[in-house]
There are 2 protein chains.
Amino acid sequence: MGISDRKERDKQEMRKNIIDAAMHMFTHEGYESASIRKIADKIEYSPGTIYLYYKDKDELLYDVQAECFSKLVELFQKEATDADPFKRLEQICHSYVRFGLENPEIYDLMFMMKSPMKNVHEHEDWENANDALSYLAKCVQECIEKSLIRFEHVWMAALSIWGMGHGLISLQIGCRMKIMDMDSDQIKEAIYASVSNYLNQIKQ
Amino acid sequence: MGISDRKERDKQEMRKNIIDAAMHMFTHEGYESASIRKIADKIEYSPGTIYLYYKDKDELLYDVQAECFSKLVELFQKEATDADPFKRLEQICHSYVRFGLENPEIYDLMFMMKSPMKNVHEHEDWENANDALSYLAKCVQECIEKSLIRFEHVWMAALSIWGMGHGLISLQIGCRMKIMDMDSDQIKEAIYASVSNYLNQIKQ
DNA sequence: AAATTTACTGAACAATGTTTATTTTGCAAA
DNA sequence: TTTGCAAAATAAACATTGTTCAGTAAATTT
């Protein structure tokens, strides 16, 4: 059926339209401005229309999140390509930290906000993050196979590395680094340094 | 002046009243239920009254956060008392992780939510967290002085340890651990294991 | 007892996510 | 081309938010 195909295509196009508007709102005006009404305004539709394509805001944010993750994966593919697995691991971490610090609102949506995760139910998996996390996991696996890091289990290594990176980034984004008496630039340097230092500590 | 003293005491008492109600709301009904109106309802005042004691909700949440931090410090003082600095460090981390995993809403308020931090301005310090962080920092300092951990700078060690702990806890609270195909209990075990493992890695 | 300051209220405002009755639109059949 | 119908979009409404403010009650001072 050609017609229902086109209908489906139109629907996807409208969704893309909505996602793009939301994304733009997020990056340029900040999260607080990304209300359903303002997104609707931007694409020149009424607020109700968005609910013909998404059952609620969480579902929409989940799709925006997906878009963000594909940008992160792109970044990995561009910046983390060293043949040596450990160096590649360093590149991944560096890209990840920079991505977080330069795009705090987007990082928030991807790794901190609860609302986009509301529709990822128990025993379902979080598809959005699969590619990005696989990129890390594969690299970690190679590192372990070649005995480049002091870990035995891939998942534990990946979790620890992710944990360290995310911890520092999210403390900064959440303004908790105000406890340190450093200015913003010093803090960012400290975060990069801490992650590098950690990688050196697990190196063997 | 005795009268203005009593006035001040009354004011503090009312604040305590509000904080307690908010805290109870937070822990028992969850963050979403902790609206100004519901807090006002609980203490049997009108919503407007709360604004005679707090200029906005952020300021109120900041005070609730303070209460939470004093509970965390109490926990440290109860559970992290080993004479050996490294063992004490392990106790601190263990208490911190357990506190986070058992009180996700409170942990959120303390370490994740932006709103209570809105009134902590640039070049001001985040008083609420001082005692808790000092507890960690002092312990770390002793560890470094006795060459028990592979770190030279206190602040970098503290930041790294905090970063790792917070990273893992907040990923779990923010539902990001759904990427791992483990159930909730397994994930919690993995978090404890990762933190312990990290401490062993920095041990020297 | 009267006047004044303080404490509190309750209604209103603006903004949010969401639902629904109604209208507009697009398209196939007559 | 006109008619009828289904799909798409809207405008208005609802229930919540945080917050403000004019008015009222209470407490204190004169």
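Values in this document were obtained by computation on a predicted structure and should not be read as measured data. Within every chain, numbering begins at 1; the chains are lettered A, B, ... in the order of the sequence lines, protein sequences first and strands thereafter.
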Peer 1: What string of B, S and - do you get for nucleotides 20-25 of chain C, 5' to 3', if B is base contact, S is sugar-phosphate-only contact and - is no contact with any protein heavy atom under 4.0 Å?
Peer 2: ------
Peer 1: From the set C:dT18, D:dT19, D:dT17, return the single nucleotide nearest to any side-chain atom of B:P47.
Peer 2: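 Output: D:dT19.
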Peer 1: Expected output is a numbered-order residue list: members of residues 22-36 of chain A with a heavy atom under 4.0 Å from any atom of DNA chain C. What is it?
Peer 2: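 Those residues are A:S35, A:I36.
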Peer 1: To check you understand the geometry: which heavy-atom pair defines the closest contact between A:I18 and A:I39, and what is its length?
Peer 2: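 The pair with the smallest heavy-atom distance is O-CG2, 4.1 Å.
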Peer 1: Over all heavy atoms of both residues, which pair between A:W126 and B:I179 is shortest? Give the atoms and the distance, please.
Peer 2: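 Taking A:W126 first and B:I179 second, the nearest heavy atoms are O-CD1, 3.5 Å.
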Peer 1: A:N17 CG to D:dA8 C1': how many Å, rounded?
Peer 2: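 About 15 Å, once rounded to whole Å.
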Peer 1: Return the value, rounded to whole Å, for the distance between atom CE of A:M14 and atom P of C:dG26.
Peer 2: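 One finds 13 Å between P of C:dG26 and CE of A:M14, rounded.
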Peer 1: A:T49 side chain N/O closer than 4.0 Å to the phosphate oxygens (OP1, OP2) of D:dA9?
Peer 2: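 For A:T49, the contact criterion (side-chain N or O under 4.0 Å from OP1 or OP2 of D:dA9) is not met.
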Peer 1: Considering the terminal five base pairs at each end of the helix from C:dA1-D:dT30 to C:dA30-D:dT1, what angle separates the two local helix axes, rounded to 10°?
Peer 2: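 Between the first-five-pair axis and the last-five-pair axis there is 30°.
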Peer 1: Between A:Y51 (OH) and D:dC14 (P), how many Å, whole number?
Peer 2: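 Rounded to the whole Å, the gap is 17 Å.
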Peer 1: Who are the side-chain hydrogen bond (donor to acceptor under 3.5 Å, both in side chains) partners of A:S160, not counting sequence neighbours?
Peer 2: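 A:S160: no side-chain hydrogen bond (donor to acceptor under 3.5 Å, both in side chains) contacts found.
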Peer 1: For A:D63, which residues count as a salt bridge (Lys or Arg N to Asp or Glu O under 4.0 Å) partner, sequence neighbours excluded?
Peer 2: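 Once residues adjacent in sequence are excluded, A:D63 has no partner under the salt bridge (Lys or Arg N to Asp or Glu O under 4.0 Å) criterion.
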Peer 1: In whole Å, what is the span from the NZ atom of A:K57 to the P atom of D:dT16?
Peer 2: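 It works out to 19 Å between those atoms.
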Peer 1: Taking NZ, NE, NH1 and NH2 as the nitrogens, is one of them in A:K71 or A:E102 under 4.0 Å from a carboxylate oxygen of the other?
Peer 2: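 Salt bridge flag = no for A:E102 with A:K71.
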Peer 1: Is the backbone of B:T27 close enough, under 3.5 Å, to the side chain of B:E105 for a donor and an acceptor to pair up by distance?
Peer 2: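 Not confirmed, B:E105 side chain does not pair with B:T27 backbone.
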Peer 1: Only one of A:Y192, A:Y135, A:F111 clears ring pair (Phe, Tyr, Trp, His ring centres under 6.0 Å) with A:Y96; which?
Peer 2: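 Of all the options given, the one that passes is A:F111.
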Peer 1: Measure all distances between protein nitrogen or oxygen atoms and nitrogen or oxygen atoms of nucleotides 5-7 of chain C, and list the pairs falling under 3.5 Å.
Peer 2:
none

